[in-house]
Colleague: 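Below: one structure in structure tokens.
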Amino acid sequence: MCGIVGYIGPQNAAPIILDGLKRLEYRGYDSAGLAVIQDSQIALRRNVGKLDNLIKMVEEDPVSGNIGIGHTRWATHGEPSQRNAHPHISMNGDVVVVHNGIVENFLELRSELSSEGVVFQSETDTEVIVHLIERYMSTQDDLTEATRRAVRHLHGSQAVVVMSVREPDRLVAVRIGNAGGVAIGLGEDENFIASDIPAILEHTRHMVFLESRQMATVTADGYMIQTLDGAPVLSRLVTIPWNPMSAELGEYKHFMQKEIFEQGRALTDTLRGRIDFETGEVTLPDLKLTPDEAIRINKIITTACGTSAYSALVGKFLFEELARIPVEVDYASEFRYRNPVIDENTTILAITQSGETVDTLAAIEEAQEKGAKVWSIVNAIGSQAMRVADGYITMQAGPEIGVASTKAFTTSLADQFLLALYLGQLRGTVSPAESRTHAQNLARLPDLVGSVLENAAQYEALAAELSNYENFLYLGRGINYPIALEGALKLKEISYIHAEGYPAGEMKHGPIALISEEMPVLAIALRDHVYEKMLSQIEQAKARGGVVIAVATEGDDMIAQKVDHVLYVPEVPYLLSPIVSVIPLQLLAYYIAVRRGADVDKPRNLAKSVTVE
Ligand code: AGP
């Protein structure tokens, strides 16, 4: 959602803020702005549209000062416009605020403040925050105290950063609920605030992260974290392992392209240090799991959103096959509003690349309130889902910038395989000999992924033939049914083509009515136990004039006679096949979107991390 960057230190704040906001562009936004204290005044620059419009405005009308805050806005209240862009300023011009989240009671606060004589300049909910802070600063509160008192009035999840000319040596940041993260970057005689790590990673790798209902007062030479009730908090310093380069585009055209091609390396990093490739023994110390606890687990409920939910659907096969634990998979937005059957032996697994998805965080909260143990599989180091879970496994994929998730998907599958194998070892449902075989198969995975990526030119050529269709149907069965869903999501979210994923066995129950030469069918038909069934679905589609493209196993010459195009992938064990079968679909979606001139890394209406409902 919205991007936030703050700076205080000896350097000119504006270039640091603008560069940080640029690194958050992938989060999706429609306007941007910054404020700097210059000659004891707040200098405000805001513009609608892309960040370049703000950069141009600042070039034409420069600001200079060594403390400032900036923001990229994804409109929730009030249309994208200059006056609705953040930062928002108090009536006396002393205080400015940037904000991520939704003030759910802003209408009531707006009318209360208006009755006190406040004249609102925008339609946003955010503006009520800065006027509340002004109200309390006028009663001699300092900035921290005034902010604390002001945010107590707010309902909903918020991330807020505040600056005032009356206290030009500090910034104040607040986090309530799950409206996106607040990271404090610790430099040499300078400090940074950001809603996401990539914004400030080139300046420092040493960060502390606010938890919900915590606030920080940040100066150039230090910081103090308290609860909203004023109690001091001992924060945990996190050193981010990513190097700044890994968040750069390099020789690629788009971050999504880079991240698709990084998957071999990412999987290597995911596996590193977690499995002994000789013995097959898995170690996942961040889970803090004992053999007794592993044996007592009688159900896993996996909850997630979007691509992560499809990863969870694959995981169901892994946990049930390797650990013999029944698994329910539920969209987080559904889980949090149903009354799930949870007992002390139910484990909740939340999968989230960003670790900040509001529905997934709410599902975690709900599960913990019901007494369940919660694990999370996350990519963003230091994210809320990593911190609030009882145990976690990181994806180790490095920063995923493209809105369409790719390397996080495949590494989350690898994480679930490791977890299922680990549980199987602890529960005795996987023998040492089987563990060794699984380890050997995992060891081959990065190279197998690399060999699929070598077919990129074939996928790009096929994309040229397919890019004018307006409807696609993706079919899969068994463990590759979720890959049909994921392949369809990849295409729809970056090319805006309507694409549906379906269990192939359901064709006769409806979708077959849609088949025509106007709607290509993507069928995942690997040489597994449901191959014959897939063939018959393919024949049914062909018989109705459909264009069929099959993802098939290398060496399967027969299928080539039945379909229009074949995308071959190397033979891999059934339980690992989704990690390989998804890659042609990622690339096909990417190349089709590029041919259609879509904004691949920042698709319309989408954000990298959905921190509002
Ligand atoms: C995937 O390509 C989409 N960008 C989206 O569905 C995403 O997977 C979903 O919003 C969940 O994000 P998370 O993994 O960060 O929780």
Side-chain angles (χ1 to χ4, degrees), residues 1 24 26-28 74 178-181 195-198 254-257 259-260 263 302-315 329-336 348-364 374-386 388-389 392-395 397-413 415-416 474 482-483 485-496 499 501 582-583 585-590 593 598-613:
M1 305 329 275
L24 295 181
Y26 63 88
R27 294 167 68 105
W74 195 79
N178 306 315
S195 50
D196 209 346
I197 293 170
H254 300 100
F255 279 109
M256 181 182 179
Q257 182 191 25
E259 288 149 11
I260 290 173
Q263 290 179 106
T302 312
T303 187
C305 300
T307 284
S308 296
Y310 301 151
S311 172
L313 286 171
V314 172
V329 177
D330 212 345
Y331 288 110
S333 52
E334 292 298 317
F335 177 88
R336 61 184 295 204
I348 307 297
L349 175 63
I351 301 175
T352 168
Q353 186 287 131
S354 63
E356 300 292 351
T357 299
V358 64
D359 284 322
T360 308
L361 293 174
I364 291 173
V374 175
W375 294 332
S376 60
I377 292 180
V378 295
N379 191 40
I381 306 288
S383 60
Q384 184 79 341
M386 178 173 160
V388 302
Y392 62 84
I393 309 175
T394 52
M395 296 173 193
E400 185 176 73
I401 309 296
V403 165
S405 188
T406 50
K407 62 179 181 175
F409 178 71
T410 46
T411 53
S412 70
L413 296 181
D415 271 349
Q416 289 183 92
Y474 286 69
I483 302 306
L485 299 175
E486 170 60 10
L489 175 60
K490 287 286 95 48
L491 184 67
K492 75 179 87 162
E493 69 174 321
I494 60 173
S495 69
Y496 316 142
V582 73
I583 293 179
L585 305 184
Q586 293 172 340
L587 281 169
L588 208 52
Y590 170 73
D599 188 351
V600 171
D601 283 336
K602 300 190 286 295
R604 66 186 182 201
N605 309 335
L606 291 178
K608 183 60 182 170
S609 174
V610 181
T611 57
V612 291
E613 279 195 65

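These numbers come from the heavy atoms of this one structure, side chains and all, not from hydrogens, waters or symmetry mates. Note that this is a predicted model, so its numbers are computed, not measured. Both counts, for ligands and for their atoms, begin at 1 and track the order of listing.
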Colleague: Which protein residues have a heavy atom under 4.0 Å from ligand 1?
Modeller: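 Around ligand 1, where the cutoff is 4.0 Å for heavy atoms, the contacting residues are C305, G306, T307, S308, T352, Q353, S354, T357, V403, A404, S405, L489, K490, E493.
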
Colleague: Taking side chain as C-beta onward, heavy atoms only, is F255 less than 4.5 Å from P399?
Modeller: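 No, every pair of side-chain atoms sits at 4.5 Å or beyond.
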
Colleague: Considering only distance and modelled atom types, tabulate donor-acceptor pairs under 3.5 Å from the side chains of residues 355-362, sequence neighbours left out.
Modeller:
from, atom 1, to, atom 2, distance (Å)
E356, OE1, R175, NH2, 3.0
E356, OE2, Q384, N, 3.1
T357, OG1, S354, OG, 3.3
D359, OD1, R336, NH1, 2.7

Colleague: Answer yes or no: is there a side-chain heavy-atom contact under 4.5 Å between Q586 and Q263?
Modeller: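 Sidechains of Q263 and Q586: in contact.
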
Colleague: Start with the C-alpha distance between S311 and Q416, add both sets of side-chain angles, then the distance that settles side chain to side chain donor-acceptor pair (under 3.5 Å), and finish with yes or no.
Modeller: CA-CA 9 Å; S311 172; Q416 289 183 92; 2.8 Å; yes

Colleague: Are any of the side-chain heavy atoms of L485 and L313 separated by less than 4.5 Å?
Modeller: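 Side chain of L485 against side chain of L313, heavy atoms only: contact under 4.5 Å found.
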
Colleague: Have S405 and E400 got a donor and an acceptor in their side chains that come within less than 3.5 Å?
Modeller: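 Their side chains do contain a donor-acceptor pair, which is all the 3.5 Å distance test asks for.
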
